[in-house]
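Below: one structure, written as structure tokens.
Excluded from the calculations below are hydrogen atoms, water molecules and symmetry mates; all remaining heavy atoms, backbone and side chain alike, are included. Since we're looking at a predicted model, the values are computed, not measured. Chain identifiers are assigned alphabetically (A, B, ...) following the order of the sequence lines, protein sequences preceding nucleic acid strands; residue numbering begins at 1 within each chain.
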Amino acid sequence: MDKMQIKNFIAKRVARELHDGDLVNLGIGLPTLVGNFLPSDIHINLQSENGLIGLGPAPTEETYDADITNAGGQPVTLLDGGMYFDSTLSFSIIRGGHVDVTVLGCLQVDQTGSLASWIIPGKMVPGMGGAMDLVTGAKKVIIATTHTNRGKPKILKQCFLPLTAKNQVNMIITEMGVMEVRDDGLHLLEYNPEYTIMEIVESTDATLVINNPKVMKLEV
Amino acid sequence: MDKMQIKNFIAKRVARELHDGDLVNLGIGLPTLVGNFLPSDIHINLQSENGLIGLGPAPTEETYDADITNAGGQPVTLLDGGMYFDSTLSFSIIRGGHVDVTVLGCLQVDQTGSLASWIIPGKMVPGMGGAMDLVTGAKKVIIATTHTNRGKPKILKQCFLPLTAKNQVNMIITEMGVMEVRDDGLHLLEYNPEYTIMEIVESTDATLVINNPKVMKLEV
Amino acid sequence: MKEIIKISDLKNHLFDGMSIMVGGFMAIGTPELLIDEIVRLNVKDITIICNDAGLADLGVGKLIANGQVKKLIASHIGLNPEAGRLMSEGLMECVLVPQGTLAEQIRAGGAGLGGFLTPTGLGTIVEKGKKIIAVNKKDFILELPLRADLALLYGTTVDKYGNTNFTKTTRNFNPVMATATDLVIVQARKMVDRIDPDNVMTPHIFVDYIVKEEE
Amino acid sequence: MKEIIKISDLKNHLFDGMSIMVGGFMAIGTPELLIDEIVRLNVKDITIICNDAGLADLGVGKLIANGQVKKLIASHIGLNPEAGRLMSEGLMECVLVPQGTLAEQIRAGGAGLGGFLTPTGLGTIVEKGKKIIAVNKKDFILELPLRADLALLYGTTVDKYGNTNFTKTTRNFNPVMATATDLVIVQARKMVDRIDPDNVMTPHIFVDYIVKEEE
């Protein structure tokens with residue numbers, strides 16, 4: 001798989017975790033692709049933390065409205081039934097557990113569900129934005145990421161970069177497999193048969209609990 | 001003065017404490033009369049804590065709308081420029097210091113500005129409603145009350161009934177005079193010349209600081 | 001499209017001992033049809049969270065009069081003498097809360113906050129048994145969040161997506177209660193195709209079921 | 001009727017070292033005219049409270065680029081590299097706050113709350129130096145209220161009474177900031193006679209002055 005194929009593969013698998021009627025917040029980058037892979041019979045509500053539910057696709061020249069943007073400041077559209085609100089209600093929704101699923105990328109994620117995604121020491125610090133609230137407040141936190149960063153493991157025993165949230169991640173989905181954070185450790189639930197179990201273990205710096213994982217079946 | 005004249009006299013004096021543009025919350029009973037005595041060049045904004053600013057007079061048969069009520073559940077009207085809001089914003093306004101003046105009655109009030117207005121032991125307890133928030137949050141708290149209750153002082157050294165709020169009252173206006181709570185005690189700023197200073201002192205169970213009080217000049 | 005249920009379906013969402021938040025202020029903005037059905041079903045030992053006790057024959061007052069309320073959390077019960085009687089005779093537990101604190105407790109329950117610091121009630125019996133925390137040398141009471149199993153709201157306009165508005169002073173506690181319970185049922189005075197997205201008071205994600213008033 | 005002032009009157013309300021809350025999210029819903037005037041007047045040592053650092057040439061980014069900002073309290077500065085540079089070189093103090101915490105701190109400042117308990121930031125550097133309070137065996141961070149001298153808002157519709165609305169995603173931090181400062185000035189895109197009383201987002205009592213965009 002090339003880079004884009006890998007991203008689409010991960011996004012497609014994440015899409016299967018979403019259920020009809022879910023309120024979902026997708027981070028920028030890879031997570032945004034998830035919306036492209038929803039079955040037609042599943043309708044989800046996308047939230048954008050700057051103040052809307054019912055996030056639609058990027059506008060055409062005809063539907064462009066400078067007053068409608070997403071949390072990245074990019075122009076978007078509002079779907080039928082969607083609505084706008086202010087930042088306090090937006091984060092009441094987020095922190096109050098009303099978001100069913102949030103999907104984010106990571107720099108590091110560990111087997112206790114801790115996440116590091118906002119500071120690389122020595123680099124410019126962009127700020128956490130709404131990520132800390134999202135990871136803390138959402139019912140289910142899915143990390144959608146390539147399994148490694150240029151061969152270096154991103155899934156660790158313990159994150160060593162500054163945390164975005166402690167013990168909040170529920171699931172990690174990569175091109176190699178699907179992992180779930182449970183009280184007794186990080187379980188490999190599914191694996192991509194393009195890789196051997198040994199390859200997955202070697203690409204992971206966390207202790208994986210492996211107990212009859214299923215095969216991740218997705219067309220690329 | 002008869003009972004109604006006394007109430008109107010007090011309300012008229014309270015009205016002089018209000019300034020153009022003030023946001024004001026008037027308690028039920030005597031305080032409600034204050035609105036009748038505003039000079040025509042002074043426009044105030046009345047809040048009702050159930051969720052409106054721009055409280056107007058009771059409706060006529062033509063303007064009656066069952067969806068517009070005051071905090072007592074009575075039908076009211078909304079003036080031009082007024083608006084509705086929910087209970088959280090209503091009390092953000094109240095507790096946040098955005099109400100310039102609140103006018104309430106009392107069972108007891110004392111020289112430290114503590115107020116008892118919601119429980120008579122042995123009687124049915126109605127609940128504090130919004131009174132505790134109003135007295136705590138308003139910039140200026142005026143107690144509008146008859147000086148005594150059937151001859152028994154209501155203005156005390158220390159309230160002995162359960163408090164509505166501690167040290168929050170700024171001014172007490174009765175048919176006998178105008179008193180201000182200051183750090184060094186309860187000052188008699190004005191007195192009604194229908195009473196002697198001795199009569200006022202004898203009707204008051206608090207220590208009054210009396211230093212050249214002015215005459216309360218109001219037509220009844 | 002949000003699911004519209006019959007009033008008779010309400011029973012599927014009720015159980016003895018449950019806690020219910022009910023919108024309304026002196027029964028203005030209270031879903032009377034939903035209350036009537038709970039009276040009819042005679043669900044027992046309910047905890048009611050509401051601004052007040054309603055009137056004897058209006059709002060949550062009907063549940064109180066029918067002896068279904070084990071505990072009432074409210075800011076005011078003065079217009080319902082029956083509530084006062086049951087409270088003073090120890091037949092109904094009654095927790096009286098300053099109105100602003102009650103609104104904020106419900107908001108905290110819906111917004112994922114562990115509590116908030118308020119000056120309201122300091123030096124009164126309201127502070128009894130609560131933690132006092134000083135911030136910049138000023139004391140505050142730590143008040144805790146409130147949640148319930150079910151919220152019953154009165155939407156004066158509800159669109160087909162479930163977006164809900166509350167006109168004039170019917171709004172009061174309705175929108176905040178929508179955020180703080182496991183289940184939210186709205187009695188709809190009027191159904192419309194679509195509420196202007198700028199003016200939605202309660203987004204549809206908070207609403208689980210709608211009962212239409214006309215039926 | 002609320003007082004409408006000229007943009008040149010803004011100077012009467014500005015002083016070196018003041019704190020200013022600025023509405024907007026990535027400069028969407030930011031009053032650019034008011035910002036431009038502050039750049040022109042070159043007020044110094046400002047503390048800015050805003051969701052983000054704007055862009056290099058948009059929103060509060062213009063104040064940052066002009067060296068007027070001593071301290072920035074924001075949730076995100078990633079789209080303004082100049083802010084990052086000034087921060088890392090120690091030329092501008094920058095306090096990064098989780099976005100939901102920032103919104104709630106401003107709300108607490110406007111609502112008379114002494115603080116609130118949030119789970120956001122637990123176990124991260126955000127909790128550093130803050131009080132941790134356990135409620136029902138769950139830890140929370142005690143976050144404190146934020147207030148400022150002045151709020152600059154971008155109202156897309158303002159009525160003659162000063163009632164102010166913010167369309168679509170221009171709303172963001174604007175209404176909450178209206179509650180938390182000593183003075184509130186609104187840049188009005190469009191003046192109307194009257195906003196429907198059910199749909200007012202910022203009641204006129206919060207608004208001190210209006211600057212009309214057309215002039």
D:L142 and C:L117: CA distance, side-chain angles, deciding distance, side chain to side chain contact (heavy atoms under 4.5 Å, CB included) verdict: CA-CA 9 Å; D:L142 172 61; C:L117 303 185; 3.8 Å; yes
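- Counting non-hydrogen atoms of neighbouring residues, nucleotides and ligands closer than 6.0 angstrom, the CG atom of C:N136 reaches no more than 12 such neighbours.
- Heavy-atom contacts from other residues, nucleotides or ligands closer than 6.0 Å to NZ of C:K190 number 12 or fewer.
- For C:I141, no part sits under 4.5 Å from any heavy atom of chain D, backbone or side chain.
- Around the NZ atom of D:K130, the shell of radius 6.0 Å holds more than 12 heavy atoms that belong to other residues, nucleotides or ligands.
- With rounding to the nearest 0.5 angstrom, the CG atom of C:N199 is 9.0 Å from the CG atom of D:D198.
- When every heavy atom of D:P119 is checked against every heavy atom of C:G112, the shortest pair comes out as CD-O, 3.3 Å.
- Looking only at heavy-atom pairs under 4.5 Å with chain D, the residue among C:R107, C:K131, C:E143, C:R171 that has the most is C:R107.
- Contact annotation: the side chain of D:T118 approaches that of C:L113 to within less than 4.5 Å [non-hydrogen atoms, C-beta and beyond].
- Contacts of C:F140 with chain D are made by side-chain atoms alone, with heavy-atom separations under 4.5 Å and no backbone atom involved.
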